[in-house]
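Throughout, a chain's letter reflects where its sequence line sits, starting with A, and its residues are numbered from 1. In this text the structure is predicted, and so the values were computed from the model without any measurement.
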Amino acid sequence: MPDPATGRRRALLNETRCQTCSLSSLCLPLALEVQDMDQFEAIIRRRPPLKKGEALFRQGTHFTSVFAVRSGSLKQVTTEGSGEDQLTNFYLPSELVGLDGIDEERYPGTVVALETTTVCEIPFDRLDALSESLPELRGQLYRSMSKEMRDDRRMMRLLSRKTADQRLATFFTSLSDRFRRRGYSPYSFRLSMSRADIGNYLGLAVETVSRILSRFQSQELVAVSGREVNILDLESLIEVAAQEGCR
Amino acid sequence: MPPRASTAPGSDAPFAAASPAPAYAFYPTPQAMDDGIGAEDYRRALEHSNAPARPLSLYVHLPFCQQACYHCTRRPVTTSDTRLTEAYLTRLDREMVLTSRHLDARREVRSLQWGGGTPTFLTLNQMGDLIDRLDARFRLAGDRDREYLIEIDPREADVFTLRHLEALGFNRLSLEVLDLDPEVQRAINRQQGRGLTEQLLDEADRLGFNSVNLNLILGLPRQTRDSVAATLEQVIAMAPSRLSLFHYQHHPERFPRQRQIRSEDLPAPQEIQGILQAAIAMLDAAGYVHIGHDRFVRGDDRLAKALEAGRERHDLVGLGVMAVSRLEDLHVRNPLRLEDYEAALDRGELPTAVGHRLSLDDRLRSAAIERLMCDLHLDLAELGEAFGLDAEAHLAAPLARLARAESQGLIVRQGPGWRVTPTGRLLIRQLAAAFDAYPAAP
């Protein structure tokens with residue numbers, strides 16, 4: 001007799017079908033016809049949910065698959081030669097994890113779940129083969145990679161030229177945008193990452209993050225309670241993010 | 001600004017290169033202050049300053065250092081305990097309350113400077129806390145033209161510190177580089193690689209800091225013409241917008257740490273003059289313009305000169321141990337010892353220790369020194385007109401001393417004025433000292 005938890009997990013696994021997935025319009029099968037969807041679903045591996053803090057894969061391990069986030073969120077941590085951990089990415093539902101491992105056939109960073117997280121594993125050799133026969137799939141794969149490159153460039157600009165206020169404002173506006181694209185409220189969301197994670201990602205001391213958060217709150221740009229974020233004035237926040245140079 | 005060590009030149013050889021002279025960043029130098037002036041005088045002067053309402057500058061002295069450098073004349077409190085600073089910040093806040101209640105709340109703080117010690121000895125949260133307290137007690141300017149400067153020891157700050165400081169509203173940095181030669185650094189117990197400074201300069205540039213100043217000191221132990229040239233070459237390659245060349249003041253009798261410096265390691269007077277000459281030639285060639293005192297700016301100096309001149313007319317309110325305040329007709333200084341400073345505040349009193357009320361004569365001499373050091377030219381007719389008196393007659397004694405300098409080729413008489421020669425430029429402090437009416441106690 002299976003216990004209820006196992007039953008729920010089974011149900012969740014069985015639900016991992018692109019046709020019923022609410023994220024399919026954002027994910028790889030986005031451009032696929034219904035009849036092609038079955039072929040795509042056939043290559044997907046179902047995986048049990050990751051617990052908070054559990055690694056999806058570790059830096060330097062052999063690249064085999066890309067992963068689509070179904071629920072929850074993850075962070076990518078890259079350890080440089082100096083031994084310092086740099087938080088290099090956050091992944092939210094519908095986003096693809098592991099695309100940056102294709103060329104060197106190794107994952108360039110460790111990816112860890114920030115909360116209970118489910119992912120769909122897509123073995124890359126099979127995805128590659130399938131995209132030969134499904135040009136729409138190949139097109140979507142290119143678009144995902146292109147978007148990742150664009151995001152990286154934006155992050156580079158952010159880290160190389162922006163002040164602490166601009167960094168944090170940009171972080172909020174881009175999160176807001178990511179939630180909006182997934183059909184959620186762009187004004188109200190939950191941060192799964194700690195302030196230390198946010199600081200590490202943005203190249204700021206955690207004290208700086210906290211200080212600017214309280215300033216944004218006193219300026220009534222955002223209201224933050226624990227990890228719940230309410231964006232009160234998105235327009236002004238976008239303005240802060242776009243400012244140039246010293247105030 | 002913290003008081004700098006100073007002595008007037010010896011009377012027998014006033015213009016010898018070896019005679020150490022104060023920087024004369026302001027006059028009278030702190031030597032002139034005595035304990036006839038106290039908190040009550042300061043309080044009244046603060047209240048009187050509200051009518052002319054000159055622009056307000058704040059200086060906050062943060063005396064803590066991780067480690068003692070042997071050359072230092074700023075009497076730092078050496079510790080690694082950041083809890084000490086909590087108690088100090090509480091006293092600073094009390095001093096702000098006691099001071100600001102005598103100032104018109106509408107007066108805006110145009111210029112803020114944190115000096116030390118090592119201001120970044122404070123934790124990031126303590127720095128935020130201090131800015132919040134200042135903001136609560138005074139009206140801090142928020143426009144782009146404000147000048148909010150912090151002194152940085154490159155060993156005690158990184159890119160995260162600068163990002164935090166920018167978020168707190170600082171828009172100017174002054175980096176204490178001093179000298180890049182490892183031997184000189186060893187001799188002053190301050191090992192500091194060039195990379196530390198470069199990394200901060202790059203980040204300051206990315207963050208859009210308006211101006212970054214590098215401080216160097218000439219006359220340090222083991223310096224030679226060649227070693228200073230090598231330091232300057234590296235510093236010029238970093239292309240800071242400003243450079244300050246301070247002069248080492250060796251007074252081991254007053255600054256016990258300087259006893260660690262062997263006097264035979266100090267460059268001889270002739271060598272110092274060679275160092276100065278080489279330094280000024282290199283800066284000229286690299287496009288740095290002298291804007292008076294020890295300061296140089298890269299490229300266009302007009303704006304910088306105007307700002308310097310403007311700052312002379314600010315009312316300066318100093319906060320913290322050793323801090324000097326300069327109002328139009330009164331200069332005061334807080335106690336030199338932390339215990340005395342804290343005790344006064346714990347009694348609920350302004351911690352004024354000594355002071356000096358400026359006479360007309362003081363202001364006349366101050367203006368003469370200012371012109372000499374900033375313009376390298378002193379027009380006595382103009383000066384007399386500004387003060388409504390016969391400057392020539394009034395300043396007869398100092399001018400007689402200048403005449404002696406003329407015979408040494410440091411300055412030449414030109415009509416109603418005096419012009420500093422290129423050689424005299426190197427000894428400008430000694431020329432300024434001719435006007436100092438308050439010789440130091442031997």
Side-chain angles (χ1 to χ4, degrees), chain A residues 80-88 153-172 194-222 224 236-237 239-247, chain B residues 82 85-86 89 110 112 120-136 140-150 152 156-173 195 199-213 241:
Chain A
E80 299 292 345
S82 60
E84 265 184 48
D85 288 351
Q86 170 71 47
L87 212 158
T88 37
R153 294 278 144 76
R154 205 192 46 204
M155 194 63 199
M156 258 167 66
R157 278 204 306 278
L158 178 85
L159 292 180
S160 68
R161 288 238 83 88
K162 301 227 166 183
T163 65
D165 286 70
Q166 292 160 0
R167 288 176 196 212
L168 205 64
T170 308
F171 180 70
F172 280 129
S194 66
R195 291 189 185 175
D197 278 347
I198 297 172
N200 190 323
Y201 180 57
L202 296 176
L204 298 175
V206 64
E207 294 92 332
T208 315
V209 172
S210 297
R211 180 168 181 93
I212 293 170
L213 262 183
S214 16
R215 176 151 72 221
F216 283 177
Q217 295 203 75
S218 65
Q219 293 170 336
E220 300 190 338
L221 299 178
V222 294
V224 183
S236 301
L237 211 52
E239 224 167 83
V240 174
Q243 270 163 8
E244 282 298 326
C246 238
R247 288 155 299 135
Chain B
T82 53
T85 45
E86 282 300 332
L89 290 176
R110 300 299 315 156
L112 171 70
T120 59
F121 181 88
L122 300 188
T123 65
L124 297 181
N125 282 335
Q126 285 171 337
M127 293 186 222
D129 189 33
L130 179 53
I131 274 285
D132 290 341
R133 288 168 191 247
L134 285 164
D135 195 40
L140 298 188
D143 61 294
R144 290 178 70 98
D145 291 335
R146 75 192 189 281
E147 296 185 284
Y148 286 10
L149 175 132
I150 180 167
I152 299 271
E156 303 286 343
D158 57 19
V159 294
F160 296 99
T161 320
L162 294 199
R163 289 168 195 161
H164 193 74
L165 290 170
E166 191 280 336
L168 296 185
F170 284 96
N171 58 6
R172 290 169 169 253
L173 298 178
Q199 153 191 294
L200 295 181
L201 274 170
D202 287 347
E203 185 60 23
D205 183 45
R206 285 192 288 263
L207 288 171
F209 275 87
N210 288 347
S211 140
V212 181
N213 174 70
S241 52

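Using a 4.5 Å cut-off between heavy atoms, B/Leu165 makes no contact with chain A at all. For A/Leu204, the parts lying under 4.5 angstrom from a heavy atom of chain B are both the backbone and the side chain.
The closest donor-acceptor contact from the side chain of A/Arg211 to the backbone of B/Leu124 lies at 3.5 Å or more, if one exists at all.
Considering only heavy-atom pairs separated by less than 4.5 Å from chain A, the leading option among B/Asp132, B/Thr161, B/Asp205 is B/Asp132.
Residues A/Leu202 and B/Arg163 fail the side-chain proximity criterion, which asks for heavy atoms closer than 4.5 Å.
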